[in-house]
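Each chain gets a letter, A, B and so on, in the order the sequences are listed, and its residues count up from 1. Below, all heavy atoms of this structure are taken into account, side chains as well, without hydrogens, waters or symmetry copies. The model shown is predicted, which means the values in this text are computed figures rather than measured ones.
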Amino acid sequence: MEEPPLLASTSRATASVASSSSANCPDPMDEGPSVSVPGLPFAEQLRAAGRGASSGSPGGPEAQVQALASISRGIYPLARAEALRGLAAVLETADAPGGVVELCHGCAVGLMRDEDEGVRLASVRLLSSMARDMCTNVRIEAFNALGKMQRVSEGVLLQSLSKKVIKPNTGSGSIIKGEKVPPKLIYPCAAGIFAHGIEDEFHQVRTAACKSLGALSKLSAQYAQKALDLLMGMMNDDTEAVRLQTLQALFHMATYGCLTVQEMHMHMFLGLLVDMNASIRDATRKILGLVNLPKLQMFKSAIDVLITSLEKHQEEQEIYSVLFSVGKNHGNFSANIAKHLAKEISMPSDGELILDKPRIKALLIVSISVAFSDDKHNKRDIPEVIFSHAISLLGKISCAIGEVVDQNSLLSYFCQRTGIPFWETKLPSRESEGCSVETVADIRPRIEKTVKSTKCLDEVLTMQSVKSIIETVERTWTIRKSCNIRDVRNILRTCKEELRILASNSSGSTGAFLSFLCEYLDAVQFIVEILRSFQLDNSYDLGPTSPDILLEKLDTSIRRMKCCYAGFNRGMEIQVCELALLANLFGLSKVGIQSKLVLDKLHWVINRLDCLCADGSCELSYFSREIKKAFDANFVGHDIFTLLELFHPKPTTDYGMLKTISADLQVRDNDPENSSTYVCGLPVAVSLYISLCNISSQDRLWLRMIVGESIQHTFLELSSFGGNDEVKSCSTIIPFYATPMACSFVLRACLVMECPYGSVSIRQECNRGPSGSIIELSDELDVYFVCTKRR
Amino acid sequence: MAIECLVLGAGQEVGKSCVVVTFGGGKRVMFDCGMHMGHRDSRRYPDFDRLLADGAADYTAAISCVVITHFHLDHIGALPYFTEVCGYHGPVYMTYPTKALAPLMLEDYRKVMVDHRGEEEQYSYEDILRCMRKVIPLDLKQTIQVDKDLSIRAYYAGHVLGAAMIYAKVGDAAIVYTGDYNMTPDRHLGAAQIDRLKLDLLITESTYAKTVRDSKHAREREFLKAVHKCVSGGGKVLIPAFALGRAQELCILLDDYWERMNLKIPIYFSAGLTIQANMYYKMLIGWTSQKIKNSYTVHNPFDFKHVCHFERSFINNPGPCVLFATPGMISGGFSLEVFKKWAPSEKNLVTLPGYCVAGTIGHKLMSGKPTRIDIDKDTHIDVRCQIHQLSFSPHTDSKGIMDLTEFLSPSHVILVHGEKPQMAFLKERIESELGMQCCYPANNETVSIPTSQNLKINATEKFIVSFCMDETENDPQKQNLNFGGDMPQGCRTEGVAEGVLLMEKSKTPKILREDELLHSLGMETHFVHFEPLHPSSIEVKHTGESAVQQSSLEHLDCE
C-alpha cells in the first residue's frame, strides 16, 4: 500500500528537481509549473522513504546527498532514478565538496548495472554531468566509471560520441517515460561526453576516456566504428601515455572483433608502425596482426610499411611474425603477393643475393603464410619457386610461425612442395601414407599428425627401454638368492640410473612415471637388503644396513610413492599397497614389534586392497591373498618368513595421468658469503619463495626448520598461494623463534607434507607440528645466519 | 536597482567589441575597446560620444574603468585612440600577457595601415606607448578593488595567450563579460575555467552560436597526413599564419609529429613578429596549457627542436621544407612573395586557415580551385599546388557556450560578437533549454537588466536554535553526515524553516518563531474551549484550525 504515495511524491519531486537542475534534460513528467524550491523535493523524498522527516528541513547538501544515496539503494526503480536525478541536481547547485562527489560517483557506478532502464539512464546522466566537472579528478573517475557500463542502449553510446544531439528516428528511447509524450531529444545529457573527454586538458582524463571508449565498443558495432574515428585522432596526442592507451583500446577492440580499419585511417595507422617509440610500434603491430584489411591496396601498403619498419629496425624480429599473421589473415591478397614475388625471384638478378634483403624475406614470409590461411583454394597457387627459396629462410619462418608447426615438419613440407627428397625414414608415419600427396589442402592436418607422431615415437622408445628395465629388475629378483649381493646391487643401481636419464628427458605423465619407477626400484633394493639381512641372521652386519634402518628407509620410500604422486590408476595403487603390506610384514617379523600399531596398519592396507579389487576389475596377487588369509587367522599357523618369500615385484607400465607432487623452496639473498643477520635469542625472519606443483587443497604442508636440536614446524596456508591448480607459488616471510645463543648458525629448512595413513594414527604430537608421518617434498635448504654485533 | 548595458560594438556583428555596463551608483565599466577591421571610416571605432551626457566632454569622469580581455585588435584596437585622442585618463586593466603583446599588435597594425595603405595616421607609436603606460596589469583570479564599490576579477579564457573573462561586482550586482573564450583546450592553451558565481548577467561571445564542432583530432590527422605526404614527395609546404596563436599551435603539432616520425625536413619561421612572439610565449608559460606547464621545466615546448634558422634566400632552395609565413590570408607581405614562387609546382602545398577575408588570395584559393590568379594587370600566378584547408578556431562552439551558460546559471544572458541569425537561434535555445532570459542587442542599443536585491533581516535566537534543533532531533544520523570539515561553512543551506517575518516601521525586519510572536507584540494568548454535550472536550488554539473544528462539530452533529 505504500507505492501510490511514493510514486506521487517522486513525480512531484521530479518536477521541481528537473527545473532546478537543468532544462536541457526535458522530462516528459515535468508538466506542472516549475516550483523552484530546492529544499522541498529532498524533504519530500525523505518523507516518501519513510524516514519520518516531518519538518522538511534537511540541513546542507551533505544531508541531502546522504538521503538521496540511501534512496538510491531503495527498492522502487522510479525512486532510485529520481534519487540519482536529485544527486545530479545537488552537484550542479552547490560547490560540491569532495565527499559529496565521491558519494555520487559511488551511487552512479553502483546503479550502472541496475535492472531498470530508467535507473541506468539516470546514472549515466549523473556521470555525464560529472564528466564535465571542473575538477580533474572527478572527470577521471567519471570516465573510469563510464567504461564499466555493462548494459547501455546504443542510442546513449552514439550520443556520447557526438556533441550534436542525435534526433531519434523512432520513439524507442522512451519506454519508461510512458507513451504520452514522444521525446523530441533522447539523451542530450550524454551529448559529446567522449568528444570532450578526449580533448581534455589533462592527459589523465584523456587516458581514462580512451580506455572507456575501447571498453564500451564491444557493446555496439556502430558505436565501435564511430569510436574508432575518435581513437584514431588520439594517435596524434602529445602525451605518450595517451597514445599507448589508445593503442591498447584498439587492441581491445580488435580482440573483440569490433575493429574495422578504414582506408582513411591507414595513413595514421601505418605512421605508427615507423614511430620513434618502440613500444608504440610494438603495440601497433599487435593490432595489425588481428585486424582485417578489406582492400588489396590497404594490405599492400601495410606490408610495405612493415618492410620499411623492418629495414629501419632489423633487430625487431616480431615484425616477421606480424607479417605472417597479416598474410595468413588475408589469404587471397597474400596469394597475389606470392605471384608477383615468384616473378621477381625468377628474374635473373645481377649477382646480388636478393634473399638478404629484408624486403624479399618479408614477402617470402607473407607468401608462405598463404599455405596456413583459411582460404582453401589459394593454397594451390603458391608457386614452387617460393618454397625453394623459403627453405633457406627456414629459421626465420618457423620463428615467425611460432607454435603452429615445428621446424622439421616445416622443412619436410617445403621439401615436399619443391620436390626435393627429404629424410622420410625418420618419420615412420610418413612411410605408411607415402609421399604422394597432391593437394595442399590436407597438408596442415598432416603436418600436425607428423608432429604428433614424432612425439609418440619418443614415448614409444622410452616405454620400450622402461619395459626392458623392468624385465631386468624382475630377472634380478629371481636370481637374487643365487648370486652375489653386490651384483644385484649393481644391476639395480644401473637400472635406476638409466631411469633417471630417461626421466630427465621426458616431462608430464611419462616423467612422473619414470621417477615413480625410480622410487619403486629403491624400495625393491631395500627389500632385497632386508631379506638379505634376515638371511645373515643379523648377528654382525650392523651399521647402515642394519634392518631397523633399512625398514625405516623402506617405509619412507613407500610413503613417498604414496604421497608424492597424484592421479594413480588402480594398478599402481595396488602395487604400492603390496609394498606397504610387505613392509608391515617385515615389521611383524621382527621379534617384539608385533604391536597393535603394525597390525592396525596391516589391517588398513588389506582393507584398502580389498576395496580396490572389490569390483573385480583387478585381482589380488597370490601374495596379498595369502597374507589376507594369514591376517584373518591372526597369523596362527603361518610362518611370516614363508609369506615374505611369496612377494614378487611386478611394476606395471600403465601409468595413466600420473603427476608428480613436488615443491621448491628458495631463500632470498642468502648464501654462506652473504648471511642474514639476527639478534641472539630474538626471532628472526626467514624470507622464502615457495612454489608448489600439483598440490591439492586437501594437502597439509608444513615448513620444517631445524637448528641443531630445535625443530620448528610452521603450517603453510595454501590459500595464500597464488597461481593455478597445477603450479602455485608465493613469497612469504616466516619467523624462526628459537635462535641459538651463538655467533652464527645454519638453519635447515624443508617443506614437508603430512602423509595421512588412513585412520591409523601413528603418533600423537603434543607440540605444534604435523600429525602423523611426513614426507619431505623439497630438498633441504640451508639458510645462513650471523649474529649482529652489539656493543 | 538595475544594470544598464550599452553595446557600443560587436552587437549582432563581429568586430570592434565594446560593451559599457552601468551598475547602480553610477559605476561604469567599459569592457574591451576594439576596432572594426572591415571599415575605413568613423565606423571603425565605437561611438564613444554616446557615453557622455549632453554637453560633457570628460570621458574620465564618465567611466570608472576600462577592462581589456585580450590583445586581438577587435578588442583592443581603439584603446590608444580612446586614451590619447579622446582623452580618457582613468584606469585601464588587462592581463600581463595582453599588456606585453598588445603594443606589438597595435604597432604592427599601425604600420600596415600607415606605411602600406597610406592611410591617415589615427595614433602614433608614441601614443601607443603612452597608452600602455596607463595600463594596470591583472593576474588570474586576482580581485582588484577599482574603487570602494567596484571590484573586478579575471578568469582564464583560453582563446589566445593572456585572454581573460572578467567578473565585475558592484554591491550585490555581479556580471561576467567573457570576451572571446574557448572551452576545449588546444595544444598550447588550456580550456576556459571559471568558478560557479552568482550572476545577474552574463555577456558572452557567440561567434559559433549555431555550429557544433567535431573533435579537432580528425582535422589534425588530415593536416599531418597532407603535410607528410607533401614533404615525403619532395614538396614544400607554405603555412600562412598570423604571428600569434595559430602559428604556435601548428608548430607544436608539427614539431611533435616530426619528433615521433623522426623526420629531418627543416621547418622555418619567416622572421619578424613570429619569432618575437615565440619569445613571449616562452616567458609567459604560466598562461599556457597544462601539458606545457608540466613539461617546460625539462624542455620549453616553444623551443622548437625542428625549427631552423631561416633566410630569405632559402625560398629558392631545392628540397622539401615547411615554412610559416605572415600574414595569414596571403593578403600581401612575405607569404604572398613565397606563394608566388611556390604555387606553380604541383608538388607543393599551401595550408589555409579556416576563414579568409573576401578579396585576399586566401579567399580566392578557398572558393573553388583556381588555376590562375591575377594579382594585378601585369602579374598573374599559375596555381598548380595543392590546397589544404585547416580550421583551428580558438572560439568555443555552440555547445561550449551552452555549457558555460548552464554552469554559471546567470539570470540574464546577453549575446555579443556573433552574427544575427545564429544569435537568434542560440537565444531560443538558451531561453527554452536553460530557462534564462536572453537578448542580443544591436550596436548602440541599451539593455536594462533588473537585479536581485538582498535584504538584511535579523533573526531571533530562538528561531535559530529551533531551526538547528529540528534538524538534529528529527534525524540523529545527520550528525554523522557532516563529512568532516569538507563542507564549507558559508555555503547555501537549502533547508526549510518555518517562522514569522515581522516588519515594523523604522526597524530592521526580524524573523522569529511562531510562539515568540505574541510575546513580541505584547499580546496574551487566548484559548477557546468548546463544551459540547458529548463528554469529550477539544482544545483549539486561537490561531485556529477551522478544519479541525468543523470536522469535530460535524462529528458531534452525527452523534
### Query
Judged by atom type as modelled, is there a donor-acceptor pair below 3.5 Å linking the side chain of A/E201 to the main-chain atoms of B/P185?
no

#### Entry: Crowding at CD, B/Q437 (>12 non-hydrogen neighbours, <6.0 Å)
no

### Query
Hey, which of A/T239, A/L272, A/N277, A/D237 has the most heavy atom pairs under 4.5 Å with chain B?
A/D237

### Summary
The interface call for A/M232 against chain B, heavy-atom contacts under 4.5 Å, is both

### Query
Counting a contact as any heavy-atom pair under 4.5 Å apart, which residues of residues 252-259 of chain B contact chain A?
B/D256, B/Y257, B/E259

### Among A/V274, A/N236, A/D275, A/I198, residue most engaged with chain B (heavy-atom pairs, under 4.5 Å)
A/N236

### Query
What do the steps show when you test A/M234 against B/H217 for side chain to side chain contact (heavy atoms under 4.5 Å, CB included), and what is the final call?
CA-CA 7 Å; A/M234 297 298 287; B/H217 287 114; 3.5 Å; yes

### Message
Any heavy-atom pair between the side chains of B/R260 and A/I280 that's under 4.5 Å?
### Response
no

### Query
Given that the side chain runs from C-beta out, which part of B/D397 has a heavy atom under 4.5 Å from chain A: side chain, backbone, both or neither?
side chain

## Note on the structure
Ranked by heavy-atom pairs below 4.5 Å to chain A, first place among B/A218, B/S398, B/A191, B/S409 goes to B/A191

### Message
Could you check whether any side-chain N or O of B/R221 sits under 3.5 Å from a backbone N or O of A/M235, counting only pairs where one atom can act as donor and the other as acceptor?
### Response
no

### Task
Give a yes or no answer on whether the side chain of A/E199 reaches the backbone of B/D186 with a donor-acceptor pair at less than 3.5 Å.
no

### Task
Select all residues of residues 222-232 of chain B having any heavy atom within less than 4.5 Å of some heavy atom of chain A, and report them by number, or 'none'.
B/L224, B/K225, B/H228

